[in-house]
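Quick note on labels: first sequence line is chain A, next is B, and so on, each numbered from 1.
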Amino acid sequence: MPRAFSERDPVEVARALLGQLLVHQHRGVLRVGRIVETEAYVGPQDLACHASKGRTARTEVMFGPAHHAYVFLVYGMHHCVNVVTGHGTAVLLRALEPLEGLAGRRTDGPGRLTAALGITLAHNATPLDEPPLFLAEGDLVRPRDIRRGPRIGVDYAGAWARKPLRFWLRDNRYVSATP
DNA sequence: GCGGTGATAGAT
DNA sequence: TCTATCACCGCC
């Protein structure tokens with residue numbers, strides 16, 4: 001995918017990423033999943049978005065060029081990967097449909113997704129249009145097959161927690177469980 | 001439902 | 001330096 005893909009409003013990108021492929025190439029091993037669930041984090045004003053802390057060492061990548069990876073560690077053990085859409089915005093990848101190199105691995109949920117593909121903090125700030133970690137063109141998704149609802153795990157964000165910024169493919173078995 | 005785990009940000 | 005907090009997950 002070209003970098004221009006991610007140089008758009010994060011909500012548009014969150015929808016457009018559904019059906020696209022996330023690929024990780026590591027020491028000759030190829031792992032590929034189809035993106036089936038995303039969440040938009042829409043900028044410094046969004047209290048659920050890490051960029052609401054302003055520009056810090058951690059959030060700086062979100063203010064850099066679009067189409068780069070923002071990877072962070074939560075709860076001391078789980079990595080989460082985002083597609084940076086610039087200006088302090090990003091799209092969290094929450095679930096994949098396994099396509100290649102993922103036999104027997106669960107890819108529903110942001111922590112399981114990164115564990116299955118082998119994504120770590122080493123991938124933070126890397127461009128997503130070249131190996132080892134990149135986005136590739138998948139299939140076209142019909143707008144009617146996209147569902148939306150509140151984001152997961154951000155209850156602390158008040159009214160921002162209730163905004164429908166989570167997107168997923170209707171009836172897809174790999175979408176993570178809804179609380 | 002509960003707690004592990006370590007990076008981060010802000011306080012001290 | 002210390003401490004609270006956390007875009008989760010597996011097991012109870």
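Phosphate contact (OP1/OP2 of C/dA7, side-chain N/O of A/His50, threshold under 4.0 Å): present. Between C/dA7 and A/Arg166, no contact under 4.0 Å exists linking OP1 or OP2 to a side-chain N or O. Checking the phosphate oxygens (OP1, OP2) of C/dA7, a side-chain nitrogen or oxygen of A/Tyr156 falls inside 4.0 Å.
Contact annotation for A/Arg151: no contact, since no heavy-atom pair falls under 4.0 Å across all strands.
Here the shortest heavy-atom pairing between A/Leu121 and A/Val71 reads CD2-O, 3.5 Å. Between A/Ala157 and A/Leu47 the shortest heavy-atom distance is CB-C, 3.8 Å. Of all non-hydrogen atoms in A/Ala90 and A/Thr85, the two that sit nearest each other are N-OG1, 3.3 Å.
Residues A/Ser52 and A/Gln45 bring no donor and acceptor atom of their side chains to less than 3.5 Å of each other. Of the N and O atoms on the side chains of A/His24 and A/His123, at least one donor lies less than 3.5 Å from an acceptor on the other residue. Using a 3.5 Å distance cut-off with no hydrogens or angles, the side chains of A/His67 and A/Ser6 do pair a donor with an acceptor.
Within a 6.0 Å radius of CD in A/Glu7, more than 12 heavy atoms belonging to other residues, nucleotides or ligands are found.
Separating the CH2 atom of A/Trp160 from the P atom of C/dA7 is a distance of 16 Å, rounded to the nearest angstrom. Spacing between atom OH of A/Tyr41 and atom P of C/dA7 amounts to 7 Å, rounded to whole angstrom units. If you take NE2 of A/His79 and C1' of B/dT5, they are 11 Å apart, rounded to a whole angstrom. Protein atom CZ of A/Phe72 is 13 Å distant from nucleotide atom C1' of C/dT5, rounded to whole Å. Rounding to whole angstrom units, NZ of residue A/Lys53 and P of B/dA9 are separated by 8 Å. Atom pair A/Tyr70:OH and B/dA7:P shows a separation of 14 Å (rounding to whole Å applied). What separates CG of A/Leu47 from C1' of C/dA7 is a distance of 14 Å, to the nearest Å. Taking atom CZ of residue A/Arg55 and atom C1' of nucleotide B/dT8, one finds them 18 Å apart after rounding to whole Å.
Nearest to the side-chain atoms of A/His78 among the listed nucleotides C/dC6, B/dG4, B/dA9 stands B/dG4. Distances from the side chain of A/Val154 to the nucleotides C/dA7, B/dG4, B/dA7 place C/dA7 closest.
For DNA chain B, none of the residues of residues 104-118 of chain A falls under the heavy-atom distance limit of 4.0 Å.
A/Trp168 does not carry A/Arg170 over the face of its six-membered ring by the limits of under 6.0 Å from the centre and within 45° of the normal. By the 6.0 Å and 45° rule, A/Arg8 stacks over the aromatic ring of A/Phe5.
Note: A/His50 and A/Phe72 meet the aromatic proximity criterion, with ring centroids under 6.0 Å apart.
Along DNA chain B, the nucleotide closest to A/Met77 and the one closest to A/Leu121 are compared, and the more 5′ of them pairs with A/Met77.
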Inset, instruction - Give the dot-bracket string for DNA chain C, reading 5' to 3', where a pair is Watson-Crick or G-U wobble with both distances under 3.5 Å, ( ) marks pairs inside the strand, [ ] marks pairs crossing earlier ones, | marks a partner on another strand, and . marks unpaired. - result: ||||||.||||.
